[in-house]
Number of protein chains: 2
Amino acid sequence: MLRCMSLRIALLGLLTVSGPSSGYDLAKKFETSVAHVWQAGHSQIYPELAKMTADGLVAVGAEGARGRKIYSVTPDGEAELRRWLLDHSPSTTTRSETALQAFLVPLLEPGEAVAVLRRMKTSAQAHLAELEELRAMREAIADLAGRWGRFGAYALDLGIRQTRGVVEWADDSIADIERRSGTA
Amino acid sequence: MLRCMSLRIALLGLLTVSGPSSGYDLAKKFETSVAHVWQAGHSQIYPELAKMTADGLVAVGAEGARGRKIYSVTPDGEAELRRWLLDHSPSTTTRSETALQAFLVPLLEPGEAVAVLRRMKTSAQAHLAELEELRAMREAIADLAGRWGRFGAYALDLGIRQTRGVVEWADDSIADIERRSGTA
DNA sequence: GATTGACATGTCACTTCTTACATGTCACTT
DNA sequence: AAGTGACATGTAAGAAGTGACATGTCAATC
């Protein structure tokens with residue numbers, strides 16, 4: 001019954017920091033920023049912007065070259081975003097394939113389980129490197145990119161900590177399995 | 001084009017450790033175990049079990065009292081589960097309302113941002129207490145519940161670490177915002 | 001002048017997920 | 001005998017999300 005707001009909130013936030021932008025621009029910026037915390041493709045973004053326009057949260061200003069529609073956040077949209085951030089307790093329902101593999105891994109033989117955990121560690125390390133590079137780039141251009149301020153910075157920090165946590169967890173779990181299977 | 005397997009994998013895993021069970025039993029056990037990593041209700045579980053039966057991954061043995069259908073994992077089902085664990089690299093697409101709030105929080109005034117982060121910390125602490133109690137209970141009955149072995153234990157450990165990470169992150173972020181707004 | 005490729009916006013079919021509704025069984029109480 | 005409540009299995013409508021397809025613009029190259 002209650003509409004899931006996350007996508008529209010993400011778009012409102014992105015549009016707020018970007019200033020007036022086309023759907024195309026938003027979709028591009030989306031995949032290198034907000035997509036790290038809320039995945040969505042252009043086939044979801046375009047219809048959502050249309051609905052948000054109908055609901056008065058954003059408005060189309062000028063229509064630029066090549067049929068670009070330039071969206072801006074309306075006062076209603078700003079209020080909606082603020083309300084969601086201030087009043088909405090985020091739902092905790094999880095759906096993570098990584099966590100599911102972690103859950104099920106004891107069903108395998110110790111050797112196989114260790115192999116799976118090693119793969120998980122490797123991909124977490126790769127992800128970590130990506131995020132750390134992103135943060136390094138952000139810090140390097142911090143003075144130039146004042147426009148964005150700390151937008152996304154705390155989430156990036158959280159992502160880095162969580163991913164480091166996965167690497168450490170994988171190490172400890174591998175050690176645990178080897179200890180248990182060695183003594184068994 | 002490629003089917004999302006997570007729900008059927010979760011059910012195969014649960015059915016493997018539970019032994020032959022009814023859909024009802026599976027749904028009950030699901031919500032206190034696998035649901036922590038992959039949320040699903042009975043209205044998704046019953047149809048999925050039917051599809052899995054059609055695909056030969058599980059089979060209905062006896063039909064017990066009150067129309068209970070007792071499912072078991074078939075050799076094909078076991079193979080499917082093993083294959084997914086061994087060969088499938090989990091997709092990394094995230095969709096977390098908490099992380100989205102973390103992302104957008106710099107759009108608020110410092111005071112408001114701190115309030116939001118405090119709320120996030122509180123709910124993370126509550127979640128942490130829940131998970132730690134779950135682990136304490138598991139350890140207490142470890143000898144009796146040999147049936148389940150380490151099933152779910154590594155995921156629980158990961159969840160506890162991640163949730164502790166959120167608490168620490170919230171503390172550090174609050175301190176960061178207060179420092180920045182104090183000197184500004 | 002034709003082709004290529006980035007720009008730009010959308011739709012469509014399909015799967016997945018959520019909430020609420022619907023139906024019936026059986027044990028135990030009153 | 002009737003009622004309550006846990007047991008047990010489903011369906012249905014609609015929202016959300018995915019991947020592929022469709023269409024057209026414009027600038028630069030060949």
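Here the structure is a predicted model, which means the values were calculated and not measured. A note on names: the letters A, B, ... follow the listed sequences, proteins ahead of strands, and every chain is numbered from 1.
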Problem - Residue-phosphate contact under 4.0 Å: A/Lys69 side-chain N/O, C/dG10 OP1/OP2 - result: yes
Problem - Carboxylate-amine/guanidinium contact B/Lys28 B/Asp25, below 4.0 Å - result: no
Fill in the blank from the handout: Here the distance between atom P of C/dT16 and atom CG of B/Leu11, to the nearest Å, is 13 Å
Handout entry: Any B/Arg68 side-chain N or O less than 4.0 Å from OP1/OP2 of D/dA6
Key = no
Completion exercise
Of the candidates D/dT18, C/dT11, D/dA12, the side chain of A/Pro47 sits closest to C/dT11
Handout entry: Nearest-nucleotide pick for A/Gln44, side chain only, options being C/dA8, D/dG17, C/dG10
Key = D/dG17
Practice task
Round to a whole Å and report the spacing from CH2 of B/Trp38 to C1' of C/dC17.
Solution key: 11 Å
Practice task
Measure up the A/Phe151 and A/Trp148 rings against each other and bin them: parallel (under 30°), tilted (30 to 60°), perpendicular (over 60°).
Solution key: perpendicular
Practice task
Using a cut-off of strictly less than 4.0 Å, decide whether A/Arg3 has a side-chain nitrogen or oxygen near OP1 or OP2 of C/dT18.
Solution key: no
Handout entry: Basic-acidic side-chain contact under 4.0 Å: B/Arg8, B/Glu80
Key = no
Exercise for the section: Examine the base of C/dT9 for any acceptor or donor lying under 3.5 Å from a partner atom in the side chain of A/Ser22, and report the outcome as yes or no. Expected result: no
Fill in the blank from the handout: Among C/dA8, D/dT18, D/dG10, the one nearest any side-chain atom of A/Asp25 is C/dA8
Handout entry: Between C1' of C/dT18 and CD of B/Glu31, the distance in whole Å
Key = 15 Å
Fill in the blank from the handout: Quick note, A/Lys51 side chain, CB onward, closest among C/dA20, C/dA8, D/dA16 is D/dA16
Practice task
Can you spot which of A/Thr16, A/Leu15, A/Leu11 makes a side chain to side chain contact (heavy atoms under 4.5 Å, CB included) with A/Leu81?
Solution key: A/Thr16
Problem - Residue-phosphate contact under 4.0 Å: B/Tyr24 side-chain N/O, D/dT9 OP1/OP2 - result: no
Fill in the blank from the handout: Taken to the nearest 0.5 Å, the spacing of A/Gln125 CD from A/Arg164 CZ works out to 12.0 Å
Practice task
Would you mind pulling out the nucleotide paired to C/dA6, Watson-Crick or G-U wobble, both distances under 3.5 Å?
Solution key: D/dT25
Exercise for the section: Taking only the side-chain nitrogens and oxygens of B/Lys28, find out if one of them lies under 4.0 Å from OP1 or OP2 of D/dA6. Expected result: no
Problem - Pair partner, C/dC28 [Watson-Crick or wobble, under 3.5 Å] - result: D/dG3
Completion exercise
Walking DNA chain D from its 5' end, the first of B/Arg95 and B/His42 to be reached, judged by nearest nucleotide, is B/His42
